[in-house]
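Residue numbering restarts at 1 for every chain, and letters A, B, ... go by the order of the sequence lines.
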There are 2 protein chains.
Amino acid sequence: MPAVTEPRTAPAGRRERPAKPALTREGVVATATALVREEGAARLTMRRLAQRLDTGPASLYVYVRDTAELQAAVLGEFLAGVDLAPVGAAGPWDERLRRVLASYAGLLHDYPGLARVAVVTRPSGEHYLALIEALLALLAEGGVPDDRAAWLVDLFLLVATASAAEHGTRAEEHTEAAADDAVARAVRGASADRFPHVARLVEDLLSGEGPDRARWFVDLMLAGAAAVPRPSPSLVGEG
Amino acid sequence: MPAVTEPRTAPAGRRERPAKPALTREGVVATATALVREEGAARLTMRRLAQRLDTGPASLYVYVRDTAELQAAVLGEFLAGVDLAPVGAAGPWDERLRRVLASYAGLLHDYPGLARVAVVTRPSGEHYLALIEALLALLAEGGVPDDRAAWLVDLFLLVATASAAEHGTRAEEHTEAAADDAVARAVRGASADRFPHVARLVEDLLSGEGPDRARWFVDLMLAGAAAVPRPSPSLVGEG
DNA sequence: ACCTGAACACCGTTCAAGT
DNA sequence: ACCTGAACACCGTTCAAGT
(Lines give C-alpha, C1' and ligand atoms only; values in the text may rest on other atoms or scores of the structure.)
Protein backbone atom coordinates (compact mmCIF):
# COMPACT_ATOMS: atom_id res chain seq x y z
CA MET A 1 0.00 0.00 0.00
CA PRO A 2 1.65 3.23 -1.07
CA ALA A 3 1.30 6.11 1.28
CA VAL A 4 -1.41 8.55 0.47
CA THR A 5 0.45 11.46 -1.04
CA GLU A 6 -2.32 13.97 -0.96
CA PRO A 7 -5.08 14.34 1.53
CA ARG A 8 -8.61 13.93 0.24
CA THR A 9 -9.33 17.55 0.89
CA ALA A 10 -6.94 20.35 -0.03
CA PRO A 11 -4.30 21.49 2.48
CA ALA A 12 -5.91 23.45 5.22
CA GLY A 13 -8.43 26.24 5.42
CA ARG A 14 -9.36 26.70 1.82
CA ARG A 15 -10.32 23.76 -0.28
CA GLU A 16 -10.02 23.60 -4.03
CA ARG A 17 -11.82 20.42 -5.00
CA PRO A 18 -12.19 19.70 -8.71
CA ALA A 19 -14.30 22.80 -9.09
CA LYS A 20 -17.32 21.88 -7.03
CA PRO A 21 -19.69 23.82 -9.25
CA ALA A 22 -21.94 26.41 -7.69
CA LEU A 23 -25.37 24.97 -7.23
CA THR A 24 -28.23 26.25 -9.30
CA ARG A 25 -31.70 24.89 -9.81
CA GLU A 26 -30.75 23.86 -13.33
CA GLY A 27 -27.69 22.05 -12.10
CA VAL A 28 -29.62 20.23 -9.43
CA VAL A 29 -32.28 19.10 -11.88
CA ALA A 30 -29.68 18.10 -14.47
CA THR A 31 -27.79 16.01 -11.95
CA ALA A 32 -31.02 14.45 -10.75
CA THR A 33 -31.89 13.58 -14.33
CA ALA A 34 -28.51 11.98 -14.86
CA LEU A 35 -28.94 10.02 -11.67
CA VAL A 36 -32.26 8.62 -12.85
CA ARG A 37 -30.85 7.84 -16.28
CA GLU A 38 -27.94 5.95 -14.78
CA GLU A 39 -29.46 4.29 -11.77
CA GLY A 40 -33.23 4.44 -12.17
CA ALA A 41 -35.88 6.55 -10.52
CA ALA A 42 -35.94 4.49 -7.35
CA ARG A 43 -32.43 5.76 -6.58
CA LEU A 44 -33.42 9.41 -6.86
CA THR A 45 -33.40 10.46 -3.23
CA MET A 46 -32.50 13.76 -1.70
CA ARG A 47 -29.60 12.21 0.11
CA ARG A 48 -28.10 10.43 -2.85
CA LEU A 49 -28.53 13.47 -5.04
CA ALA A 50 -26.86 15.64 -2.43
CA GLN A 51 -23.95 13.22 -2.34
CA ARG A 52 -23.51 13.55 -6.10
CA LEU A 53 -23.53 17.30 -5.71
CA ASP A 54 -21.09 17.12 -2.86
CA THR A 55 -23.34 18.73 -0.25
CA GLY A 56 -25.77 17.80 2.42
CA PRO A 57 -29.41 17.09 1.68
CA ALA A 58 -30.56 20.24 3.43
CA SER A 59 -28.93 22.37 0.76
CA LEU A 60 -31.20 21.02 -1.95
CA TYR A 61 -34.19 22.62 -0.31
CA VAL A 62 -32.91 25.96 -1.46
CA TYR A 63 -33.59 24.91 -5.06
CA VAL A 64 -36.55 22.54 -4.89
CA ARG A 65 -39.57 22.57 -2.65
CA ASP A 66 -39.62 18.85 -1.98
CA THR A 67 -39.16 15.44 -3.56
CA ALA A 68 -42.37 15.68 -5.55
CA GLU A 69 -41.29 18.89 -7.22
CA LEU A 70 -37.92 17.42 -8.03
CA GLN A 71 -39.51 14.36 -9.59
CA ALA A 72 -41.82 16.55 -11.67
CA ALA A 73 -38.81 18.43 -12.97
CA VAL A 74 -36.90 15.27 -13.85
CA LEU A 75 -39.97 13.86 -15.55
CA GLY A 76 -40.25 17.04 -17.58
CA GLU A 77 -36.62 16.73 -18.57
CA PHE A 78 -37.10 13.17 -19.73
CA LEU A 79 -39.97 14.16 -21.98
CA ALA A 80 -37.40 15.82 -24.20
CA GLY A 81 -36.75 12.27 -25.34
CA VAL A 82 -40.21 11.76 -26.85
CA ASP A 83 -39.98 11.72 -30.60
CA LEU A 84 -42.31 14.39 -31.96
CA ALA A 85 -40.96 14.19 -35.49
CA PRO A 86 -43.97 12.20 -36.73
CA VAL A 87 -46.14 15.28 -36.26
CA GLY A 88 -44.67 16.96 -39.28
CA ALA A 89 -43.95 13.78 -41.21
CA ALA A 90 -45.85 12.27 -44.11
CA GLY A 91 -48.49 9.59 -43.82
CA PRO A 92 -51.90 9.13 -42.25
CA TRP A 93 -52.44 11.28 -39.13
CA ASP A 94 -53.52 8.38 -36.97
CA GLU A 95 -50.43 6.37 -37.81
CA ARG A 96 -48.27 9.33 -36.82
CA LEU A 97 -50.25 9.72 -33.62
CA ARG A 98 -49.60 6.11 -32.78
CA ARG A 99 -45.89 6.67 -33.33
CA VAL A 100 -45.78 9.60 -30.92
CA LEU A 101 -47.65 7.65 -28.29
CA ALA A 102 -45.41 4.64 -28.81
CA SER A 103 -42.39 6.85 -28.28
CA TYR A 104 -43.81 8.13 -24.99
CA ALA A 105 -44.72 4.62 -23.90
CA GLY A 106 -41.30 3.29 -24.85
CA LEU A 107 -39.60 5.92 -22.76
CA LEU A 108 -41.60 4.98 -19.68
CA HIS A 109 -41.11 1.34 -20.46
CA ASP A 110 -37.36 1.86 -20.21
CA TYR A 111 -37.71 3.69 -16.91
CA PRO A 112 -40.48 1.95 -14.98
CA GLY A 113 -39.72 3.88 -11.83
CA LEU A 114 -40.33 7.05 -13.75
CA ALA A 115 -43.62 5.69 -15.02
CA ARG A 116 -44.66 5.15 -11.42
CA VAL A 117 -43.81 8.75 -10.67
CA ALA A 118 -45.71 9.92 -13.74
CA VAL A 119 -48.95 8.25 -12.64
CA VAL A 120 -49.09 10.59 -9.72
CA THR A 121 -47.04 13.62 -10.70
CA ARG A 122 -47.54 15.93 -13.63
CA PRO A 123 -44.26 16.70 -15.42
CA SER A 124 -43.18 20.29 -15.22
CA GLY A 125 -41.59 22.18 -18.07
CA GLU A 126 -42.16 22.87 -21.71
CA HIS A 127 -41.58 19.38 -23.07
CA TYR A 128 -44.84 18.30 -21.51
CA LEU A 129 -46.68 21.13 -23.21
CA ALA A 130 -44.96 20.23 -26.46
CA LEU A 131 -46.19 16.66 -26.17
CA ILE A 132 -49.77 17.76 -25.55
CA GLU A 133 -49.52 20.25 -28.39
CA ALA A 134 -48.29 17.52 -30.72
CA LEU A 135 -51.15 15.19 -29.87
CA LEU A 136 -53.72 17.96 -30.17
CA ALA A 137 -52.32 18.96 -33.55
CA LEU A 138 -52.61 15.42 -34.85
CA LEU A 139 -56.14 15.02 -33.53
CA ALA A 140 -57.12 18.33 -35.09
CA GLU A 141 -55.67 17.13 -38.36
CA GLY A 142 -57.81 14.03 -37.99
CA GLY A 143 -60.91 16.10 -37.50
CA VAL A 144 -61.54 15.10 -33.89
CA PRO A 145 -63.66 17.86 -32.33
CA ASP A 146 -61.74 20.15 -30.01
CA ASP A 147 -63.52 19.39 -26.77
CA ARG A 148 -63.17 15.66 -27.25
CA ALA A 149 -59.54 16.01 -28.29
CA ALA A 150 -58.65 17.74 -25.05
CA TRP A 151 -60.01 14.95 -22.89
CA LEU A 152 -58.76 12.27 -25.26
CA VAL A 153 -55.18 13.45 -24.87
CA ASP A 154 -55.55 13.03 -21.14
CA LEU A 155 -56.88 9.54 -21.62
CA PHE A 156 -54.07 8.60 -24.00
CA LEU A 157 -51.41 9.66 -21.56
CA LEU A 158 -53.22 8.12 -18.62
CA VAL A 159 -53.41 4.73 -20.29
CA ALA A 160 -49.85 4.80 -21.60
CA THR A 161 -48.47 5.88 -18.25
CA ALA A 162 -50.44 3.46 -16.14
CA SER A 163 -49.67 0.56 -18.47
CA ALA A 164 -45.98 1.27 -18.24
CA ALA A 165 -46.12 1.60 -14.46
CA GLU A 166 -48.04 -1.62 -14.05
CA HIS A 167 -46.05 -3.67 -16.46
CA GLY A 168 -42.73 -2.21 -15.46
CA THR A 169 -43.30 -3.00 -11.83
CA ARG A 170 -44.11 -6.59 -12.57
CA ALA A 171 -41.08 -6.89 -14.82
CA GLU A 172 -38.80 -5.58 -12.09
CA GLU A 173 -40.03 -7.91 -9.43
CA HIS A 174 -38.36 -11.11 -8.40
CA THR A 175 -37.81 -13.32 -11.38
CA GLU A 176 -39.78 -11.38 -13.93
CA ALA A 177 -42.98 -13.36 -13.59
CA ALA A 178 -43.16 -14.15 -9.91
CA ALA A 179 -45.60 -11.44 -8.91
CA ASP A 180 -47.59 -11.90 -12.05
CA ASP A 181 -47.80 -15.53 -11.09
CA ALA A 182 -49.90 -14.59 -8.10
CA VAL A 183 -52.54 -13.19 -10.45
CA ALA A 184 -51.98 -15.89 -13.01
CA ARG A 185 -52.34 -18.58 -10.39
CA ALA A 186 -55.52 -16.98 -9.08
CA VAL A 187 -57.00 -16.60 -12.54
CA ARG A 188 -55.99 -20.05 -13.69
CA GLY A 189 -57.20 -21.58 -10.48
CA ALA A 190 -60.51 -19.74 -10.59
CA SER A 191 -63.34 -22.08 -9.85
CA ALA A 192 -65.38 -22.55 -13.01
CA ASP A 193 -68.49 -22.75 -10.88
CA ARG A 194 -68.12 -19.44 -9.12
CA PHE A 195 -66.26 -17.54 -11.83
CA PRO A 196 -67.40 -19.07 -15.10
CA HIS A 197 -66.51 -16.15 -17.32
CA VAL A 198 -63.08 -15.84 -15.80
CA ALA A 199 -62.50 -19.55 -16.23
CA ARG A 200 -63.60 -19.44 -19.85
CA LEU A 201 -61.42 -16.45 -20.71
CA VAL A 202 -58.27 -17.34 -18.78
CA GLU A 203 -55.97 -17.10 -21.73
CA ASP A 204 -57.37 -13.82 -23.00
CA LEU A 205 -57.19 -12.30 -19.55
CA LEU A 206 -53.55 -13.24 -19.15
CA SER A 207 -52.43 -12.44 -22.67
CA GLY A 208 -51.27 -9.04 -23.68
CA GLU A 209 -49.00 -6.42 -22.21
CA GLY A 210 -47.53 -6.75 -25.67
CA PRO A 211 -47.64 -4.06 -28.33
CA ASP A 212 -50.76 -5.71 -29.74
CA ARG A 213 -52.69 -4.72 -26.69
CA ALA A 214 -51.33 -1.18 -26.58
CA ARG A 215 -52.25 -0.71 -30.20
CA TRP A 216 -55.74 -2.07 -29.64
CA PHE A 217 -56.19 0.35 -26.77
CA VAL A 218 -55.24 3.29 -28.99
CA ASP A 219 -57.46 2.15 -31.82
CA LEU A 220 -60.31 1.70 -29.39
CA MET A 221 -59.86 5.16 -27.93
CA LEU A 222 -59.72 6.78 -31.33
CA ALA A 223 -62.82 4.98 -32.53
CA GLY A 224 -64.59 5.74 -29.28
CA ALA A 225 -63.74 9.42 -29.40
CA ALA A 226 -64.97 9.62 -32.96
CA ALA A 227 -68.25 8.02 -31.98
CA VAL A 228 -69.09 9.53 -28.60
CA PRO A 229 -69.75 13.26 -28.14
CA ARG A 230 -68.87 14.93 -24.88
CA PRO A 231 -71.62 15.18 -22.31
CA SER A 232 -74.27 17.89 -22.47
CA PRO A 233 -72.88 21.20 -23.75
CA SER A 234 -73.01 22.36 -20.16
CA LEU A 235 -74.72 25.51 -18.99
CA VAL A 236 -71.53 27.17 -17.89
CA GLY A 237 -70.59 30.18 -19.96
CA GLU A 238 -67.09 30.78 -21.22
CA GLY A 239 -66.10 32.07 -17.80
CA MET B 1 -51.55 12.31 38.91
CA PRO B 2 -52.56 9.14 40.75
CA ALA B 3 -49.87 6.54 41.17
CA VAL B 4 -49.90 3.81 38.60
CA THR B 5 -51.47 0.91 40.40
CA GLU B 6 -50.57 -1.78 37.97
CA PRO B 7 -47.45 -2.12 35.91
CA ARG B 8 -47.90 -2.12 32.15
CA THR B 9 -46.84 -5.71 32.01
CA ALA B 10 -48.11 -8.37 34.37
CA PRO B 11 -46.16 -9.13 37.57
CA ALA B 12 -43.07 -11.06 36.77
CA GLY B 13 -42.25 -14.02 34.57
CA ARG B 14 -45.55 -14.69 32.94
CA ARG B 15 -47.43 -11.87 31.36
CA GLU B 16 -51.15 -11.82 30.77
CA ARG B 17 -51.78 -8.79 28.60
CA PRO B 18 -55.35 -8.19 27.39
CA ALA B 19 -55.17 -11.39 25.41
CA LYS B 20 -52.55 -10.51 22.86
CA PRO B 21 -54.12 -12.67 20.19
CA ALA B 22 -51.96 -15.28 18.52
CA LEU B 23 -50.82 -14.00 15.17
CA THR B 24 -52.13 -15.57 12.02
CA ARG B 25 -51.93 -14.44 8.45
CA GLU B 26 -55.62 -13.56 8.53
CA GLY B 27 -55.20 -11.54 11.67
CA VAL B 28 -52.26 -9.64 10.25
CA VAL B 29 -54.13 -8.82 7.05
CA ALA B 30 -57.28 -7.86 8.95
CA THR B 31 -55.35 -5.50 11.22
CA ALA B 32 -53.55 -4.04 8.23
CA THR B 33 -56.88 -3.45 6.53
CA ALA B 34 -58.24 -1.72 9.61
CA LEU B 35 -55.14 0.43 9.76
CA VAL B 36 -55.63 1.57 6.18
CA ARG B 37 -59.30 2.19 6.74
CA GLU B 38 -58.60 4.33 9.78
CA GLU B 39 -55.41 6.11 8.85
CA GLY B 40 -54.96 5.72 5.11
CA ALA B 41 -52.66 3.58 3.03
CA ALA B 42 -49.67 5.84 3.53
CA ARG B 43 -49.61 4.82 7.18
CA LEU B 44 -49.47 1.12 6.42
CA THR B 45 -45.90 0.30 7.31
CA MET B 46 -44.45 -2.85 8.73
CA ARG B 47 -43.41 -1.03 11.86
CA ARG B 48 -46.72 0.63 12.54
CA LEU B 49 -48.59 -2.58 11.83
CA ALA B 50 -46.30 -4.47 14.17
CA GLN B 51 -46.99 -1.91 16.86
CA ARG B 52 -50.73 -2.45 16.50
CA LEU B 53 -50.16 -6.15 16.80
CA ASP B 54 -47.93 -5.67 19.78
CA THR B 55 -44.81 -7.22 18.29
CA GLY B 56 -41.71 -6.27 16.45
CA PRO B 57 -41.67 -5.78 12.69
CA ALA B 58 -39.53 -8.87 12.16
CA SER B 59 -42.37 -11.09 13.29
CA LEU B 60 -44.58 -10.02 10.41
CA TYR B 61 -42.26 -11.66 7.95
CA VAL B 62 -43.48 -15.00 9.18
CA TYR B 63 -46.88 -14.23 7.66
CA VAL B 64 -46.19 -12.01 4.65
CA ARG B 65 -43.33 -12.05 2.21
CA ASP B 66 -42.86 -8.29 2.06
CA THR B 67 -44.69 -4.99 1.95
CA ALA B 68 -45.90 -5.49 -1.60
CA GLU B 69 -47.61 -8.76 -0.70
CA LEU B 70 -49.21 -7.17 2.31
CA GLN B 71 -50.55 -4.31 0.21
CA ALA B 72 -51.95 -6.74 -2.34
CA ALA B 73 -53.77 -8.55 0.43
CA VAL B 74 -55.22 -5.36 1.88
CA LEU B 75 -56.27 -4.23 -1.57
CA GLY B 76 -58.02 -7.54 -2.09
CA GLU B 77 -59.79 -7.11 1.22
CA PHE B 78 -61.02 -3.66 0.26
CA LEU B 79 -62.52 -4.95 -2.97
CA ALA B 80 -65.17 -6.60 -0.85
CA GLY B 81 -66.61 -3.10 -0.71
CA VAL B 82 -67.32 -2.89 -4.43
CA ASP B 83 -71.04 -3.09 -5.04
CA LEU B 84 -71.70 -5.96 -7.42
CA ALA B 85 -75.46 -5.93 -6.90
CA PRO B 86 -76.09 -4.18 -10.24
CA VAL B 87 -74.98 -7.34 -12.03
CA GLY B 88 -78.18 -9.13 -11.16
CA ALA B 89 -80.38 -6.03 -11.11
CA ALA B 90 -82.84 -4.83 -13.71
CA GLY B 91 -82.11 -2.27 -16.37
CA PRO B 92 -79.83 -1.90 -19.38
CA TRP B 93 -76.57 -3.86 -19.09
CA ASP B 94 -74.37 -0.87 -19.86
CA GLU B 95 -75.98 1.23 -17.16
CA ARG B 96 -75.37 -1.53 -14.63
CA LEU B 97 -71.79 -1.84 -15.83
CA ARG B 98 -71.31 1.86 -15.24
CA ARG B 99 -72.64 1.45 -11.73
CA VAL B 100 -70.16 -1.31 -10.89
CA LEU B 101 -67.28 0.72 -12.26
CA ALA B 102 -68.45 3.79 -10.40
CA SER B 103 -68.50 1.80 -7.19
CA TYR B 104 -64.91 0.65 -7.77
CA ALA B 105 -63.82 4.17 -8.65
CA GLY B 106 -65.59 5.62 -5.63
CA LEU B 107 -63.78 3.24 -3.33
CA LEU B 108 -60.41 4.26 -4.66
CA HIS B 109 -61.45 7.87 -4.61
CA ASP B 110 -62.03 7.56 -0.87
CA TYR B 111 -58.64 5.94 -0.37
CA PRO B 112 -56.24 7.66 -2.73
CA GLY B 113 -53.24 5.98 -1.17
CA LEU B 114 -54.80 2.66 -1.98
CA ALA B 115 -55.37 3.77 -5.56
CA ARG B 116 -51.66 4.46 -5.81
CA VAL B 117 -50.94 0.97 -4.58
CA ALA B 118 -53.44 -0.49 -7.03
CA VAL B 119 -51.74 1.07 -10.04
CA VAL B 120 -48.74 -1.06 -9.39
CA THR B 121 -49.99 -4.04 -7.39
CA ARG B 122 -52.62 -6.56 -8.37
CA PRO B 123 -55.02 -7.25 -5.52
CA SER B 124 -54.91 -10.77 -4.20
CA GLY B 125 -57.93 -12.77 -3.13
CA GLU B 126 -61.31 -13.71 -4.44
CA HIS B 127 -62.94 -10.30 -4.43
CA TYR B 128 -60.76 -9.29 -7.32
CA LEU B 129 -61.84 -12.33 -9.30
CA ALA B 130 -65.44 -11.56 -8.40
CA LEU B 131 -65.09 -8.05 -9.78
CA ILE B 132 -63.63 -9.29 -13.05
CA GLU B 133 -66.30 -11.93 -13.25
CA ALA B 134 -69.00 -9.32 -12.77
CA LEU B 135 -67.66 -7.08 -15.50
CA LEU B 136 -67.23 -9.99 -17.89
CA ALA B 137 -70.77 -11.14 -17.21
CA LEU B 138 -72.16 -7.71 -18.02
CA LEU B 139 -70.11 -7.42 -21.20
CA ALA B 140 -71.23 -10.87 -22.28
CA GLU B 141 -74.80 -9.80 -21.67
CA GLY B 142 -74.13 -6.80 -23.88
CA GLY B 143 -72.83 -9.00 -26.65
CA VAL B 144 -69.25 -7.82 -26.52
CA PRO B 145 -67.10 -10.56 -28.06
CA ASP B 146 -65.15 -12.59 -25.53
CA ASP B 147 -61.65 -11.71 -26.60
CA ARG B 148 -62.39 -8.01 -26.60
CA ALA B 149 -64.20 -8.23 -23.26
CA ALA B 150 -61.14 -9.70 -21.57
CA TRP B 151 -58.89 -6.84 -22.60
CA LEU B 152 -61.60 -4.27 -22.10
CA VAL B 153 -61.98 -5.23 -18.45
CA ASP B 154 -58.27 -4.59 -18.01
CA LEU B 155 -58.63 -1.22 -19.64
CA PHE B 156 -61.63 -0.29 -17.50
CA LEU B 157 -59.79 -1.06 -14.29
CA LEU B 158 -56.60 0.58 -15.51
CA VAL B 159 -58.36 3.83 -16.30
CA ALA B 160 -60.43 3.89 -13.12
CA THR B 161 -57.43 3.10 -10.97
CA ALA B 162 -55.05 5.54 -12.59
CA SER B 163 -57.65 8.32 -12.53
CA ALA B 164 -58.22 7.83 -8.84
CA ALA B 165 -54.49 7.74 -8.13
CA GLU B 166 -53.83 10.89 -10.11
CA HIS B 167 -56.73 12.88 -8.85
CA GLY B 168 -56.41 11.65 -5.30
CA THR B 169 -52.80 12.65 -5.11
CA ARG B 170 -53.52 16.13 -6.30
CA ALA B 171 -56.39 16.46 -3.89
CA GLU B 172 -54.20 15.43 -0.96
CA GLU B 173 -51.45 17.86 -1.71
CA HIS B 174 -50.96 21.18 -0.03
CA THR B 175 -54.08 23.26 -0.26
CA GLU B 176 -56.06 21.09 -2.59
CA ALA B 177 -55.11 22.88 -5.79
CA ALA B 178 -51.51 23.87 -5.25
CA ALA B 179 -49.89 21.11 -7.27
CA ASP B 180 -52.56 21.30 -9.88
CA ASP B 181 -51.73 24.95 -10.14
CA ALA B 182 -48.30 24.09 -11.45
CA VAL B 183 -49.91 22.40 -14.46
CA ALA B 184 -52.68 24.95 -14.65
CA ARG B 185 -50.18 27.79 -14.60
CA ALA B 186 -48.12 26.12 -17.30
CA VAL B 187 -51.14 25.43 -19.49
CA ARG B 188 -52.66 28.85 -18.98
CA GLY B 189 -49.34 30.53 -19.56
CA ALA B 190 -48.62 28.52 -22.69
CA SER B 191 -47.39 30.73 -25.45
CA ALA B 192 -50.03 30.90 -28.15
CA ASP B 193 -47.27 31.05 -30.74
CA ARG B 194 -45.48 27.89 -29.75
CA PHE B 195 -48.43 25.93 -28.41
CA PRO B 196 -51.44 27.18 -30.34
CA HIS B 197 -53.66 24.16 -29.75
CA VAL B 198 -52.92 24.14 -26.06
CA ALA B 199 -53.65 27.84 -25.84
CA ARG B 200 -56.92 27.45 -27.71
CA LEU B 201 -58.09 24.52 -25.57
CA VAL B 202 -56.96 25.69 -22.14
CA GLU B 203 -60.33 25.38 -20.52
CA ASP B 204 -61.09 21.96 -21.96
CA LEU B 205 -57.69 20.67 -20.92
CA LEU B 206 -58.17 21.83 -17.36
CA SER B 207 -61.79 20.87 -16.98
CA GLY B 208 -62.87 17.46 -15.85
CA GLU B 209 -61.81 15.06 -13.16
CA GLY B 210 -65.50 15.25 -12.50
CA PRO B 211 -67.92 12.37 -13.03
CA ASP B 212 -68.69 13.77 -16.48
CA ARG B 213 -65.23 12.91 -17.60
CA ALA B 214 -65.28 9.45 -16.04
CA ARG B 215 -68.55 8.68 -17.72
CA TRP B 216 -67.31 9.89 -21.08
CA PHE B 217 -64.29 7.65 -20.71
CA VAL B 218 -66.49 4.62 -20.08
CA ASP B 219 -68.81 5.45 -22.96
CA LEU B 220 -65.83 5.91 -25.21
CA MET B 221 -64.32 2.59 -24.22
CA LEU B 222 -67.59 0.76 -24.73
CA ALA B 223 -68.15 2.32 -28.14
CA GLY B 224 -64.55 1.68 -29.08
CA ALA B 225 -64.67 -1.95 -28.05
CA ALA B 226 -67.85 -2.46 -30.03
CA ALA B 227 -66.23 -0.96 -33.10
CA VAL B 228 -62.68 -2.30 -33.08
CA PRO B 229 -61.90 -6.01 -33.37
CA ARG B 230 -58.84 -7.40 -31.68
CA PRO B 231 -55.69 -7.65 -33.78
CA SER B 232 -55.09 -10.50 -36.20
CA PRO B 233 -56.32 -13.84 -34.84
CA SER B 234 -52.68 -14.63 -34.17
CA LEU B 235 -50.89 -17.71 -35.44
CA VAL B 236 -50.29 -19.11 -32.00
CA GLY B 237 -52.22 -22.29 -31.29
CA GLU B 238 -53.98 -22.90 -28.05
CA GLY B 239 -50.65 -23.75 -26.46
C1' DA C 1 -28.62 36.79 3.27
C1' DC C 2 -27.46 32.54 2.10
C1' DC C 3 -26.20 27.95 3.15
C1' DT C 4 -25.79 23.59 5.94
C1' DG C 5 -24.47 20.23 10.13
C1' DA C 6 -26.85 17.83 12.90
C1' DA C 7 -30.87 16.15 14.56
C1' DC C 8 -35.66 14.36 14.42
C1' DA C 9 -38.68 11.08 13.18
C1' DC C 10 -39.17 7.77 10.54
C1' DC C 11 -38.52 3.46 6.89
C1' DG C 12 -37.92 -2.27 5.10
C1' DT C 13 -35.53 -6.26 5.83
C1' DT C 14 -32.21 -9.63 7.76
C1' DC C 15 -30.24 -12.76 10.93
C1' DA C 16 -28.14 -14.38 15.03
C1' DA C 17 -29.78 -15.62 19.10
C1' DG C 18 -33.12 -17.03 22.13
C1' DT C 19 -37.36 -20.03 23.78
C1' DA D 1 -39.14 -25.29 15.08
C1' DC D 2 -40.76 -21.07 15.66
C1' DC D 3 -40.29 -16.38 16.82
C1' DT D 4 -37.93 -11.83 17.55
C1' DG D 5 -34.36 -8.13 19.54
C1' DA D 6 -31.27 -5.69 17.70
C1' DA D 7 -28.85 -4.09 14.02
C1' DC D 8 -28.02 -2.54 9.21
C1' DA D 9 -28.73 0.48 5.79
C1' DC D 10 -31.38 3.57 4.51
C1' DC D 11 -35.29 7.69 4.08
C1' DG D 12 -37.47 13.31 3.92
C1' DT D 13 -37.46 17.47 6.13
C1' DT D 14 -36.48 21.12 9.54
C1' DC D 15 -33.99 24.55 11.94
C1' DA D 16 -30.54 26.55 14.77
C1' DA D 17 -26.27 27.94 13.94
C1' DG D 18 -22.66 29.31 11.27
C1' DT D 19 -20.30 32.17 7.27
If the condition is side-chain contact (heavy atoms from CB on, under 4.5 Å), which residues does A:Ser191 pass it with, not counting sequence neighbours? A:Asp193, A:Arg194
Tell me the ring pair (Phe, Tyr, Trp, His ring centres under 6.0 Å) pairs involving residues 62-85 of chain A, sequence neighbours left out? A:Phe78-A:Tyr111
Could you check how far CG of B:Leu60 sits from C1' of D:dC3, rounded to whole Å? 12 Å
Counting Watson-Crick and G-U wobble pairs with both distances under 3.5 Å, what is the dot-bracket string for DNA chain C, 5' to 3', using [ ] for crossing pairs and | for pairs to another strand? ||.|||||...|||||.||
Could you pull out all residues at least two apart from B:Ala130 that satisfy side-chain contact (heavy atoms from CB on, under 4.5 Å)? A:Phe195, B:Leu84
Which residues pass the salt bridge (Lys or Arg N to Asp or Glu O under 4.0 Å) test with B:Arg188, not counting sequence neighbours? B:Glu203
Work out how far the P atom of D:dA9 is from that of C:dC10, and round it to whole angstrom. 23 Å
Is there a donor-acceptor contact under 3.5 Å from the side chain of A:Asp66 to the main chain of A:Glu69? yes
Please tabulate, for the side chains in residues 38-46 of chain B, all donor-acceptor contacts under 3.5 angstrom to protein atoms that are two or more places apart in sequence or on a different chain.
unit_1  : atom_1 : unit_2  : atom_2 : d
B:Glu38 : OE1    : B:Arg52 : NH1    : 3.2
B:Glu38 : OE1    : B:Arg52 : NH2    : 2.8
B:Glu39 : OE1    : B:Arg43 : NE     : 2.9
B:Glu39 : OE1    : B:Arg43 : NH2    : 3.0
B:Glu39 : OE2    : B:Arg52 : NH2    : 3.0
B:Thr45 : OG1    : B:Arg48 : N      : 3.1

Under 3.5 Å donor-acceptor pairs involving side-chain atoms of residues 97-105 of chain A, not counting sequence neighbours:
unit_1   : atom_1 : unit_2   : atom_2 : d
A:Arg98  : NE     : A:Glu95  : OE1    : 3.4
A:Arg98  : NH1    : A:Asp219 : OD1    : 2.1
A:Arg98  : NH2    : A:Asp94  : OD2    : 2.7
A:Ser103 : OG     : A:Asp83  : N      : 2.8
A:Tyr104 : OH     : A:Thr161 : OG1    : 2.7

Any chance you could list the contact pattern along nucleotides 8-19 of chain D? Use B for base contacts, S for sugar-phosphate-only contacts and - for none, protein heavy atoms under 4.0 Å, 5' to 3'. --SBBBBB----
side-chain contact (heavy atoms from CB on, under 4.5 Å) involving A:Ala199 - partner list, sequence neighbours excluded: A:Ala192
Integer-rounded Å distance: C:dG5 P and A:Asp54 CG: 10 Å
